[in-house]
Q: 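Let me begin by handing over the structure; questions about it come next.
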Protein chains: 2
Amino acid sequence: MSPTRIPEATVARLPVYLRALNSLLDSDVRSCSSEELATAAGVNSAKLRKDLSHLGSYGTRGVGYDVEYLRYQISREIGLTQDWPVVIVGIGNLGHALANYSGFSSRGFRTVALLDADDSRTGELVAGLKIRSFDELTAIVHEHGVAIGVIATPAAAAQAVADQMVSAGIRSILNFAPMVLSVPDGVDVRMVDLSSELQILAYHEQRKSTLQPDDGVVA
Amino acid sequence: MSPTRIPEATVARLPVYLRALNSLLDSDVRSCSSEELATAAGVNSAKLRKDLSHLGSYGTRGVGYDVEYLRYQISREIGLTQDWPVVIVGIGNLGHALANYSGFSSRGFRTVALLDADDSRTGELVAGLKIRSFDELTAIVHEHGVAIGVIATPAAAAQAVADQMVSAGIRSILNFAPMVLSVPDGVDVRMVDLSSELQILAYHEQRKSTLQPDDGVVA
DNA sequence: CTCAGTTTGTTCCCACGTTCACAAACTCTT
DNA sequence: AAGAGTTTGTGAACGTGGGAACAAACTGAG
């Protein structure tokens, strides 16, 4: 029912809508208008309606959206109705935080293994999982059908880890190492760079201070 | 020398270029073409040149860019040549990881305080800093002239922390809590949502599996 | 049934971002 | 000094995204 490709900008906002819908459900809200949902998600209502229209026609004119139904449709579109086994490589401070992050497990993602190159840490228990050796990557990927890998290693190790992931059959990588990864076509990499975000903030902050008060960016 | 506003998309890429330049300097590369720098940064060379042209004319036709000089110019444009005191609130797993993240301190950012609402953790030493009570926020902000705050608390606490930050005078917030913050005009919020990134990957992964191999997204 | 009120889905238009292609400007050889 | 070779900076074309505005479609009252 959705043969058309969904714009990338829309895809990036779907998780936000999903979060807003969950929050509404927690407050026992069964139905909502695009206006309500838009404010809950922090976007313009016209943009919200256009985004949703790319998925299909799941609202009712004059009424609004059924919260539960819309949530299911978005989940299905993203693919959260299926199971996504995930492997995390690099169990330092950040990997530790990711392993314990409830936002992963609560949305269809299942961490099946924590790997670290430092074999002295093998066996250590983190978030209910034993840390295993990085050498086991390929076996684990095949055993659980892992398609998504998370890299939380230092920058120096990231490319080697990515190469190993790709050759093991992983086709989607979430990279927290501050390093541009090179991978073959067909493999997706999303980079989350903690320091970049701060730098972008610093740029705007500097402009707020030095220039005339022409206004900051959107909030 | 740069009176014109720099496009938002360009600002978001400047940290990437900065990282690539640092990496080149580590390899003792003194000069480079837009092509070399572009591949190191993982972007198109035309886009790189246009981005840099917004800062000024720092290259030499027929020759390329002086790595050190260009790095300085980008740093100055972002504002990294000045000191940015930062406060981190919420010292759970993630806050712990952020406090230890070298990418912050190595680029002009200086973590001046770690705060947590759980007073039983006050005094605990993390990354060379003692955890202090959240109540001290306003005093710390005034004492050190903090302009940037990092929120690494659970979602439920995030809005209250943001409100307190704003009233203490902080005008830029980096939010890791999975929650849309509402702040007054003039305050910048950047949200980093770990779970959203995984969901976006899952969407593309699903399409790779179910549809004809029309191709994945860019790598 | 009809009409007023509400809210979605969509069309149209504008702004922004990306890419191509090329003139301008530099180096180096002869 | 002149010309061949390189590489930057930019103008122009193209595509994507955002927002206003409106028609289509629903509800409910009389």
Side-chain angles (χ1 to χ4, degrees), chain A residues 1-14 16-17 20-21 24 29-67 69-71 73-74 77 200 204 215 217-219, chain B residues 1-14 16-17 20-21 24 29-67 69-71 73-74 77 200 204 215 217-219:
Chain A
M1 198 38 99
S2 60
T4 54
R5 236 188 65 261
I6 297 180
E8 197 51 38
T10 297
V11 172
R13 280 188 295 267
L14 291 181
V16 180
Y17 301 153
L21 288 169
L24 287 177
V29 177
R30 307 302 222 123
S31 167
C32 70
S33 68
S34 64
E35 197 72 46
E36 293 172 73
L37 184 54
T39 53
V43 302
N44 185 297
S45 71
K47 184 161 28 178
L48 170 70
R49 287 199 300 277
K50 184 175 287 190
D51 282 343
L52 294 185
S53 77
H54 288 119
L55 312 190
S57 210
Y58 297 134
T60 311
R61 302 182 187 209
V63 179
Y65 300 93
D66 182 277
V67 176
Y69 180 60
L70 184 56
R71 182 180 67 156
Q73 291 299 342
I74 294 180
E77 189 70 40
I200 295 168
H204 292 301
D215 205 10
V217 196
V218 289
Chain B
M1 199 38 98
S2 60
T4 53
R5 237 187 64 261
I6 297 179
E8 197 53 37
T10 297
V11 172
R13 280 187 295 266
L14 290 181
V16 180
Y17 301 154
L21 288 169
L24 287 177
V29 178
R30 308 300 224 126
S31 168
C32 69
S33 68
S34 64
E35 197 72 46
E36 293 173 72
L37 184 54
T39 54
V43 301
N44 185 298
S45 71
K47 184 160 27 178
L48 171 71
R49 288 199 300 276
K50 177 150 285 190
D51 282 342
L52 294 185
S53 77
H54 288 120
L55 313 190
S57 211
Y58 297 134
T60 308
R61 302 183 187 206
V63 178
Y65 300 93
D66 181 278
V67 176
Y69 180 60
L70 183 58
R71 181 179 70 156
Q73 292 298 342
I74 294 179
E77 190 69 39
I200 295 169
H204 292 301
D215 204 9
V217 196
V218 288

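Side chains are part of it too, since the values below use all heavy atoms of this structure and drop only hydrogens, waters and symmetry mates. Per chain, numbering begins at 1; letters A, B, ... match sequence-line order.
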Q: Quick one: which residue pairs count as a salt bridge (Lys or Arg N to Asp or Glu O under 4.0 Å) with a foot in residues 30-49 of chain A, not counting sequence neighbours?
A: none
Q: Quick check on ring pair (Phe, Tyr, Trp, His ring centres under 6.0 Å): which of A:Tyr65, A:Tyr17, A:Tyr69 does A:Tyr58 satisfy it with?
A: A:Tyr69
Q: Find the distance B:Asp51:CG to C:dG17:C1' and express it as a whole number of Å.
A: 10 Å
Q: Which letters describe nucleotides 20-30 of chain D, given B = protein heavy atom under 4.0 Å from base, S = only from sugar-phosphate, - = neither?
A: BB--BBBS---
Q: Quickly work out the B:Leu55 CG to D:dT8 C1' distance and round it to whole Å.
A: 14 Å
Q: Mind calculating the distance between CG (A:Leu52) and C1' (C:dT10) to the nearest angstrom?
A: 13 Å
Q: Please walk me through it: do B:His54 and B:Glu77 pass side-chain hydrogen bond (donor to acceptor under 3.5 Å, both in side chains)?
A: CA-CA 11 Å; B:His54 288 120; B:Glu77 190 69 39; over 6 Å; no
Q: Output the rounded distance in Å from CD (B:Glu8) to C1' (C:dT18).
A: 16 Å
Q: Nearest whole angstrom, please: distance from the P of D:dT10 to the NE2 of B:His54.
A: 9 Å
Q: A:Lys47 NZ to C:dT7 P: how many Å, rounded?
A: 22 Å
Q: Indicate yes or no: at least one non-hydrogen side-chain atom of B:Leu52 is less than 4.5 angstrom from one of B:Ile74.
A: yes
Q: Is any side-chain heavy atom of B:Leu37 closer than 4.5 Å to one of B:Leu70?
A: yes
Q: Reckon B:Ser57 has a side-chain N or O less than 4.0 Å from the OP1 or OP2 of D:dG9?
A: yes
Q: What is the separation between atom OH on B:Tyr65 and atom P on C:dT27, rounded to the nearest whole Å?
A: 16 Å
Q: Does anything in residues 50-60 of chain B pair up under salt bridge (Lys or Arg N to Asp or Glu O under 4.0 Å), and if so which pairs, sequence neighbours excluded?
A: B:Arg13-B:Asp51
Q: What is the separation between atom CD1 on A:Ile6 and atom P on D:dT16, rounded to the nearest whole Å?
A: 15 Å
